[in-house]
Peer 1: 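Sharing a structure with you now.
Counting from 1, the numbers follow the sequence of the chain as shown.
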Amino acid sequence: ASDARGIATITEYILVYIKNPARMRTAFKRNPFAYDRKRYRHTDEYALERGPYYYDSLDRGSVRYSDSLNYAITAPDGTPIYPHGRTEFINDGWTWKWSKEKVQWGLENGFISIEPSAKKANGWAVKYKIYLNVDNEGQPQPKTAPFKNTITSVLNADGAADIKKLFDGKTVFKYSKPVKLIRHLLDLVTAKDGIVLDFFAGSATTGQAALEANIDDGGSRQFILVQLPELLDKSFGETSATYDTICEIGEDRVKKVITKLEEGISALGKDELPDLGMKVYELVPDAEDDGL
């Protein structure tokens, strides 16, 4: 696809299966530079522990409406405060972000502020504090954010360049994914010992990315590449002379990457080589039902 500027784009998805639920919160890396330090311009009596903070509104309009989050918070003058500046219950999608119990906790622990507001029909604004050094439950937490889902540092053309480096300057496979793109996706996952599965392996970009990642960070990732033995277009001369199917290109690519990595490691004078082996399996006809 192309965006409004005519720049080609790639859409990739990464699905992570985690066997141990305890690792859920730490499964993905987070970006420690994805926040604006200047926003945290307020301080209170908790500054030494929680750091500075900024305000955010506690109410919101949401398609995920719930009556349990549409309740009254009592203002200092006794006025009932409902979401969106109201003094009565109205079911039109507006709710509080926090439950009754958490709001009570927030009031008792200085996480919520109720202030006069001329912009609200009920005369009050309910805000919660977002601190720099703790989360909204008071637990110490470095301020981070998920990495952006738009990657602008990788070009489609990088995929063709990756192929040429391995295959003596020949483009033996069209439209391969850039190694840098898959490396970026792998780097978002904190585990270095997982199994990387690619059901549309193509020219085996994922295999190369996993192997190189292990060398760079000492990981022990394994990979499974699945690819139908699609016949290549014989009119594509650079490929047809050597390979008949996409699978053959992927298999040869992984072998070339392994050889390249082994040579690089040996050049550094290291005696022990990491596990850089591979196994190749293929489907064969079932003798009983003539299927696969």
Peer 1: What closest approach, in Å, do A204 and G250 show between heavy atoms, and which atom pair accounts for it?
Peer 2: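 Closest approach of A204 to G250, heavy atoms only: CB-O, 3.5 Å.
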Peer 1: Measuring only between side-chain heavy atoms, which start at C-beta, is I130 closer than 4.5 Å to R39?
Peer 2: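 A side-chain contact under 4.5 Å is absent here.
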Peer 1: What distance do S203 atom OG and I163 atom CD1 have between them, rounded to the nearest 0.5 Å?
Peer 2: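 That separation rounds to 4.0 Å.
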Peer 1: Decide whether Y243 and V280 are clustered together by the hydrophobic rule: side chain heavy atoms of Ile, Leu, Val, Met, Phe, Trp, Tyr closer than 4.5 Å, transitively.
Peer 2: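 Yes, Y243 and V280 fall within the same hydrophobic cluster.
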Peer 1: State yes or no: are the ring centers of Y53 and Y40 separated by less than 6.0 Å?
Peer 2: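 No, ring centres 6.0 Å or more apart.
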Peer 1: So which heavy atom on G207 is nearest to which on L225, and how close?
Peer 2: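 Smallest interatomic distance, heavy atoms only, reads N-CD2, 3.9 Å.
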Peer 1: Determine yes or no for a side-chain-to-main-chain donor-acceptor pair under 3.5 angstrom, with K97 supplying the side chain and S57 the backbone.
Peer 2: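 Looks like yes, one N/O pair under 3.5 Å.
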Peer 1: Would you call R60-D56 a salt bridge at under 4.0 Å N-O?
Peer 2: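 Not counted as a salt bridge, because no side-chain N and carboxylate O are separated by less than 4.0 Å.
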Peer 1: Distance check, rounded to the nearest 0.5 Å: N70 atom CG versus Y82 atom OH?
Peer 2: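 Nearest 0.5 Å value for the CG-OH distance: 7.5 Å.
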Peer 1: Within the 4.5 Å heavy-atom criterion, are K192 and R221 side-chain neighbours or not?
Peer 2: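 SC-SC contact between K192 and R221 confirmed.
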Peer 1: Quick check against the 3.5 Å criterion: does T205 have a side-chain atom that pairs as donor or acceptor with the backbone of K177?
Peer 2: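 Pair found, side chain donor or acceptor close to backbone of K177.
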Peer 1: Any chance NZ of K260 has more than 12 other-residue heavy atoms, nucleotides or ligands included, within less than 6.0 Å?
Peer 2: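 Open.
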Peer 1: Counting distance only, does the side-chain N/O of D158 pair as donor-acceptor with the main-chain N or O of L155 below 3.5 Å?
Peer 2: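 Side chain of D158 to backbone of L155, a donor-acceptor pair under 3.5 Å: yes, one is there.
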Peer 1: Return the minimal non-hydrogen interatomic distance between D44 and K129, and the atom names on each side.
Peer 2: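 Taking D44 first and K129 second, the nearest heavy atoms are OD2-NZ, 3.0 Å.
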Peer 1: Of the non-hydrogen atoms in I81 and W96, which two are nearest, and what is the gap between them?
Peer 2: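 I81 and W96 have their closest heavy atoms at O-CZ2, 3.3 Å.
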Peer 1: Would E248 and L232 count as a side chain to side chain contact (heavy atoms under 4.5 Å, CB included) if you check the C-alpha gap in whole Å, the side-chain angles of each, and the deciding distance to 0.1 Å?
Peer 2: CA-CA 10 Å; E248 292 175 4; L232 295 168; over 6 Å; no
Peer 1: So, are R86 and D92 salt-bridged, with charged N and O less than 4.0 Å apart?
Peer 2: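 Answer for the salt bridge query: yes.
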Peer 1: Please tell me if the side chains of Y17 and I195 come closer than 4.5 Å, counting only heavy atoms from C-beta onward.
Peer 2: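 Y17 does not reach I195 side chain to side chain.
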Peer 1: Could you check whether any side-chain heavy atom of R37 comes within less than 4.5 Å of a side-chain heavy atom of P52, counting everything from C-beta outward?
Peer 2: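 Answer yes - side chains close enough.
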Peer 1: Would you indicate whether the side-chain heavy atoms of K102 and N136 approach each other to under 4.5 Å?
Peer 2: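 Contact flag for N136/K102 side chains = yes.
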Peer 1: Would a single hydrophobic cluster contain both V179 and V254, if residues Ile, Leu, Val, Met, Phe, Trp and Tyr are joined by side-chain heavy-atom contacts under 4.5 Å?
Peer 2: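 No, it is not one cluster - the side chains of V254 and V179 are not joined through contacts under 4.5 Å.
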Peer 1: Hey, what do you get for CD1 (I246) to CZ (F173), rounding to the nearest 0.5 Å?
Peer 2: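 The CZ atom of F173 is 4.5 Å from CD1 of I246, to the nearest 0.5 Å.
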Peer 1: Kindly indicate whether the side chain of M278, heavy atoms from C-beta on, has any atom under 4.5 Å from the side chain of I258.
Peer 2: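 Side-chain contact under 4.5 Å: yes.
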Peer 1: Roughly how far, to the nearest 0.5 Å, is the OH atom of Y71 from the OG atom of S66?
Peer 2: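 Between atom OG of S66 and atom OH of Y71 there are 10.5 Å.
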Peer 1: Taking the six-membered ring for Trp, are Y55 and H42 parallel (under 30°), tilted (30 to 60°) or perpendicular (over 60°)?
Peer 2: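 Ring orientation, 0 to 90° scale: tilted.
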Peer 1: Within the supplied structure, the quantity of interest is the number of heavy atoms (other residues, nucleotides, ligands) at a distance under 6.0 Å from Q222 CD; does it exceed 12?
Peer 2: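 Result for CD/Q222: open.
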Peer 1: Does I114 belong to the same Ile/Leu/Val/Met/Phe/Trp/Tyr cluster as W94, with side-chain heavy atoms less than 4.5 Å apart forming each link?
Peer 2: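 Hydrophobic grouping puts I114 apart from W94.
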Peer 1: Counting heavy atoms not belonging to E45, are there more than 12 under 6.0 Å from its CD?
Peer 2: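 Counting neighbours around CD of E45, more than 12 heavy atoms of other residues, nucleotides or ligands fall under 6.0 Å, so yes.
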Peer 1: Working note: H184 + V154, criterion side chain to side chain contact (heavy atoms under 4.5 Å, CB included); need CA distance, chi angles, decisive distance, verdict.
Peer 2: CA-CA 9 Å; H184 178 80; V154 183; 5.6 Å; no
Peer 1: Return yes when atom OH of Y65 has more than 12 non-hydrogen atoms of other residues, nucleotides or ligands closer than 6.0 Å, and no otherwise.
Peer 2: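 Check passes, neighbour count above 12.
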Peer 1: Could you report the tightest heavy-atom contact between A209 and R183, atom names first, then the distance?
Peer 2: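 Reported closest heavy-atom pair: O-CD, 3.2 Å.
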Peer 1: Sub-3.5 Å donor-acceptor pair from the side chain of D59 to the main-chain atoms of H84, do we have one?
Peer 2: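 Checked: pair present.
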Peer 1: With rounding to the nearest 0.5 angstrom, report the CD1 to NZ distance, I112 to K127.
Peer 2: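 So the gap between those two atoms works out to 13.0 Å.
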Peer 1: Are I182 and L261 in one and the same hydrophobic cluster, where Ile, Leu, Val, Met, Phe, Trp and Tyr link if side-chain heavy atoms are under 4.5 Å apart?
Peer 2: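 Looking at the clustering, L261 is in the same group as I182.
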Peer 1: Is there a side-chain contact between R253 and F167 in this structure, where contact means two heavy atoms from C-beta onward sitting under 4.5 Å apart?
Peer 2: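 In short, these two side chains touch, coming nearer than 4.5 Å.
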Peer 1: For D193, does its backbone N or O pair with a side-chain atom of S220 as donor and acceptor, under 3.5 Å?
Peer 2: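 Absent.
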Peer 1: What distance do W124 atom CH2 and S113 atom OG have between them, rounded to the nearest 0.5 Å?
Peer 2: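 Those atoms lie 10.0 Å apart.
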Peer 1: Under 4.5 Å between side-chain heavy atoms, counting indirect links through other Ile/Leu/Val/Met/Phe/Trp/Tyr residues: same cluster for I73 and L69 or not?
Peer 2: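 No, I73 and L69 fall in different hydrophobic clusters.
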Peer 1: Does N122 use its side chain to pair, donor to acceptor, with the backbone of T87 at less than 3.5 Å?
Peer 2: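 No, N122 side chain to T87 backbone: no donor-acceptor pair under 3.5 Å.
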Peer 1: Take the angle between the ring planes of Y128 and W98 and call it parallel below 30°, perpendicular above 60°, tilted in between.
Peer 2: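 Because their plane-to-plane angle lies in the 30° to 60° range, the rings of Y128 and W98 count as tilted.
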Peer 1: If you count heavy atoms of other groups shown closer than 6.0 angstrom to CG of L197, is the number above 12?
Peer 2: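 Yes.
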Peer 1: On a heavy-atom basis, which atom in P80 and which in A72 lie closest, and how many Å separate them?
Peer 2: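 So the minimum-distance heavy-atom pair works out to CB-CB, 4.0 Å.
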Peer 1: Please confirm whether the backbone N or O of G202 pairs with a side-chain atom of Q227, one donor and one acceptor, at under 3.5 Å?
Peer 2: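 Answer holds: yes.
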Peer 1: Would you sort out whether N109 and Y46 count as a side-chain hydrogen bond (donor to acceptor under 3.5 Å, both in side chains), showing the intermediate values?
Peer 2: CA-CA 10 Å; N109 291 276; Y46 306 103; over 6 Å; no
